[in-house]
K.L.:
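First the structure, then my questions, so here it is.
Letters A, B, ... mirror the listed sequences (proteins, then strands); counts begin at 1.
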Amino acid sequence: MKPVRVRMAPSPTGHFHIGGARTAMYNFLLARQTGGQFILRIEDTDRKRNTPEAQAELMEALHWLGLQWDEGPDVGGPHAPYTQTARKDIYLAHAQQLIASGHAYRCFCAPERLQRMRAEQLRSRAPLQYDGLCRRLDPAEATARAAAGEPHTIRFMTPDTGTTTVHDYLRGDITVENRNIDDYILVKSDGFALYHLAAMVDDHLMGISHVFRSSEWLGTFPLHALIIRAFGWQEPVWVHLSVFLKPTGKGKMSKRDVTSEQSIFVLGLRDLGYLPEAVNNWIALMGASFGPEETPLTMDELIERFSLDHLTPAAARVNFEKLDHFNGLYLRKLSPPDLAQRVRPFFERAGLAPDEDLLRRIAPIIQERIVTLDDAIDMAGFFFRPASRPPAAELLQKGMTAAQSVVALEQARAALAAVSEAEFGDHAALEAPLRALVERLGLKAGQVFGLLRVAVTGQRVSPPLFETMVIVGREQTLARLHWAEGQLRAAAVQPAIDT
RNA sequence: GCCCCUAUCGUCUAGUGGCCCAGGACGUGGCCCUCUCAAGGCCAAAACCGGGGUUCGAGUCCCCGUAGGGGCACCA
């Protein structure tokens, strides 16, 4: 395939979500695969809804995912500027060109009139379209009124008979009757172009060869083709990507969705503790297939395997369980130092000050039992907190009395005390005597180790016991065991406690 | 109301007329491993929306239903 020029053209309104991320990724993948360019263009012509924060967030999210663009507002490029508000005059000139060629006209209808018209159409169950009042105006008169400063918009003059056929790469030909295509506004009365004009002009001027966009654009797709054809330009290859549906399947995901604790926002996912590799892999697979091999796929593999022919046109429900699975996969592939580094901000956010060295020693023992980076806090936060001093009820294991537990604790402490400081660094040196103890006591390993686990970590769920003890250290381990012993001894005289 | 799109296991998907009594992954269930939790290994259940065509032959092409989704702004 020859090098493509593709573009991601978000409008900086709310939070950047995974649907946009996937569109950006497919653009990126095809650009890298073919040796083409990936362009970032900010569609900010709606000055009412844009926010600078949204633009910053979107760029940060793209960076986090590793989807670097070749041309864009920050890096520049041969077709600068890459921000639509800065291109206002370009669109205006093109709109005028359309008026001159008879493909567009000025409309002086006030918003109030349009509103009334729509209300009436709703009542009479007529199609919701502009009624064409200004279309019938004498062009010379319209020009004069505009010159006199009368506020107006510029509308596209859609043919009122015949049909228009457009071609979507995933769906084939789509034919619609021209009377069903509205005379859409191209330029607002504030002089800013709307998407319909601005995007078409930019895509042409910037030499875009393939357009990936959401299937929400299918409705106005014929209009866009008509506009391009009115200019006599060549159309890009159109690829309308399916939308993401909520996990329930009821409706598409929306920027206003805050329903679940799972996030549909890219940066939200990051803060939840997901890895960019996992997020990339996850969203790539919703709406496309990348061959028979098993995941996880690296970005290079995604680039290599991406194909327009393996995109699916149907809407996909987002499945967060699969994200969890992918995240676990990638988490386990990380080197311990890498894991330590990635998990550090989460500890800090939890108010803990993790020692770098300690973090690196903990990494390998939590690696295969956390799903998100944030899970590390629940699993290993105790390493960075003072001894937790669990109550007797926590310490007691199933089928064990307090008295039995005291004995087990005493003997465990004795066994561990017999291990020298030097040997304590090896978890096998701890495991052997404790297993022998389990044997002697005639109890189950799960019972004794469970007791020790709670005594040492304060948790019923923790990393492996012996490795944990090694990291906690000889002195602390013995102290915690001792404390638990006292706790149980007090409980033993009060028979009321049961598990 | 009008226009458009889509339709394979619960979910994401493979399948581009015979290789499909439909393959993979997530999830689910069972077993193994096991100091908790995981991870890992093995096994299992689970789908071509319905009806008509076309064809020697249809999950694959066409039509009609049905269901789901999207759009109908001086938003993108």
K.L.:
Test: salt bridge (Lys or Arg N to Asp or Glu O under 4.0 Å). Region: residues 432-452 of chain A. Which pairs qualify, not counting sequence neighbours?
P.N.:
A/Glu431-A/Arg435
K.L.:
Does the ring center of A/Tyr184 lie less than 6.0 Å from the ring center of A/His224?
P.N.:
no
K.L.:
Once you apply a heavy-atom cut-off of 4.0 Å, does A/Thr45 come out as touching a base, just sugar-phosphate, or nothing?
P.N.:
sugar-phosphate
K.L.:
Where do N or O atoms of nucleotides 31-35 of chain B meet protein N or O atoms at under 3.5 Å, pair by pair?
P.N.:
residue: B/C35; atom: OP1; partner: A/Arg435; partner atom: NH1; Å: 2.9
residue: B/C35; atom: OP1; partner: A/Arg435; partner atom: NH2; Å: 2.3
residue: B/C35; atom: O2'; partner: A/Arg453; partner atom: NH2; Å: 3.2
residue: B/C35; atom: O2; partner: A/Arg453; partner atom: NH2; Å: 2.3
residue: B/C35; atom: N3; partner: A/Leu465; partner atom: N; Å: 3.2

K.L.:
Which nucleotide, if any, forms a Watson-Crick or G-U wobble pair with B/G1, using both distances under 3.5 Å?
P.N.:
B/C72
K.L.:
So which heavy atom on A/Thr158 is nearest to which on A/Asp183, and how close?
P.N.:
N-OD1, 3.0 Å
K.L.:
Taking any strand in view, what nucleotide pairs with B/G40 in a Watson-Crick or G-U wobble way, both distances under 3.5 Å?
P.N.:
B/C32
K.L.:
Using ring centroids (six-membered ring only for Trp), state whether A/Trp282 and A/Tyr274 fall under 6.0 Å.
P.N.:
no
K.L.:
With ring centroids as reference points, do A/Phe221 and A/His240 lie under 6.0 angstrom apart?
P.N.:
yes
K.L.:
A/Leu481 pairs by side chain to side chain contact (heavy atoms under 4.5 Å, CB included) with which of A/Arg413, A/Gln476, A/Glu410?
P.N.:
A/Arg413
K.L.:
Tell me which nucleotide among B/C4, B/A14, B/A7 gets nearest to the side chain of A/Thr312.
P.N.:
B/A14
K.L.:
May I ask you to decide whether A/Glu216 forms a salt bridge with A/Lys252, counting only side-chain N to carboxylate O separations under 4.0 Å?
P.N.:
yes
K.L.:
With sequence neighbours left out, write down each residue that passes salt bridge (charged side-chain N to carboxylate O under 4.0 Å, His left out) with A/Glu467, or none if nothing qualifies.
P.N.:
none
K.L.:
Report the nucleotide, chosen from B/C3, B/U6, B/C4, that has the shortest atom-to-atom distance to any side-chain atom of A/Ala314.
P.N.:
B/U6
K.L.:
Considering every strand and a 4.0 Å limit on heavy-atom distances, what is the contact class for A/Ile181: base, sugar-phosphate, or nothing?
P.N.:
nothing
K.L.:
Using both distances under 3.5 Å as the test, list the Watson-Crick or G-U wobble partner of B/C21, or none.
P.N.:
none
K.L.:
Scan for salt bridge (Lys or Arg N to Asp or Glu O under 4.0 Å) pairs involving residues 103-121 of chain A, sequence neighbours excluded, and state none if there are none.
P.N.:
A/Arg113-A/Asp131, A/Glu120-A/Arg123
K.L.:
Need to verify one output field. Residue with the more 5' nearest nucleotide on RNA chain B, A/Asp173 or A/Leu311?
P.N.:
A/Asp173
K.L.:
Given that both distances must come in under 3.5 Å, which nucleotide forms a Watson-Crick or G-U wobble pair with B/G10?
P.N.:
B/C26
K.L.:
Going by ring pair (Phe, Tyr, Trp, His ring centres under 6.0 Å), name the residues that satisfy it together with A/Phe449, two or more places apart in sequence or in a different chain.
P.N.:
A/Phe466
K.L.:
Distances for protein N/O vs nucleotides 40-45 of chain B N/O pairs under 3.5 angstrom?
P.N.:
residue: B/G40; atom: OP1; partner: A/Arg332; partner atom: NH1; Å: 3.3

K.L.:
If the condition is ring pair (Phe, Tyr, Trp, His ring centres under 6.0 Å), which residues does A/Tyr26 pass it with, not counting sequence neighbours?
P.N.:
A/Phe306
K.L.:
Can you pull out the residues from residues 370-379 of chain A that lie within a 4.0 Å heavy-atom distance of RNA chain B?
P.N.:
none
K.L.:
Let me know which of A/Val201, A/Ile227, A/Ile99 forms a side chain to side chain contact (heavy atoms under 4.5 Å, CB included) with A/Leu186.
P.N.:
A/Ile227
K.L.:
Could you check whether A/Asp190 pairs with A/Arg47 (Lys NZ or Arg NE/NH1/NH2 to Asp/Glu carboxylate O, under 4.0 Å)?
P.N.:
yes
K.L.:
Does A/Leu122 or A/Ala316 map to a spot on RNA chain B nearer the 5' end, using the closest nucleotide for each?
P.N.:
A/Leu122
K.L.:
Below 3.5 Å between N/O atoms, which protein atoms pair up with nucleotides 66-74 of chain B? Just atom names and distances, please.
P.N.:
residue: B/G69; atom: OP1; partner: A/Gly251; partner atom: N; Å: 3.3
residue: B/G70; atom: OP1; partner: A/Lys252; partner atom: N; Å: 2.7
residue: B/G71; atom: OP1; partner: A/Glu216; partner atom: OE1; Å: 3.2
residue: B/G71; atom: OP1; partner: A/Lys252; partner atom: NZ; Å: 2.9
residue: B/C72; atom: O2'; partner: A/Leu128; partner atom: O; Å: 2.9
residue: B/C74; atom: O2; partner: A/Ser189; partner atom: N; Å: 2.7
residue: B/C74; atom: O2; partner: A/Ser189; partner atom: OG; Å: 2.7
residue: B/C74; atom: N3; partner: A/Ser189; partner atom: OG; Å: 3.0
residue: B/C74; atom: N4; partner: A/Cys109; partner atom: O; Å: 3.1

K.L.:
Which nucleotide in the set B/A38, B/C26, B/A76 lies at the smallest distance from any side-chain heavy atom of A/Lys322?
P.N.:
B/C26
K.L.:
Where do N or O atoms of nucleotides 15-19 of chain B meet protein N or O atoms at under 3.5 Å, pair by pair?
P.N.:
none

K.L.:
Identify the nucleotide, in any strand shown, that forms a Watson-Crick or G-U wobble pair with B/C61, with both distances under 3.5 Å; if there is none, say none.
P.N.:
B/G53
K.L.:
Could A/Asp160 and A/Arg135 be called an ion pair, given the rule that one side-chain N must be under 4.0 Å from one carboxylate O?
P.N.:
yes
K.L.:
Taking only residues at least two apart or on different chains, which pairs with a member in residues 109-129 of chain A satisfy ring pair (Phe, Tyr, Trp, His ring centres under 6.0 Å)?
P.N.:
none
K.L.:
Base, sugar-phosphate, or nothing: which does A/Arg125 touch, judged by heavy atoms less than 4.0 Å apart?
P.N.:
sugar-phosphate
K.L.:
Scan A/Gly328 against the nucleic acid and name what it touches under 4.0 Å (heavy atoms): base, sugar-phosphate only, or nothing.
P.N.:
nothing
K.L.:
Please produce a list of atom pairs where a protein N or O lies less than 3.5 Å from an N or O of nucleotides 59-65 of chain B.
P.N.:
none

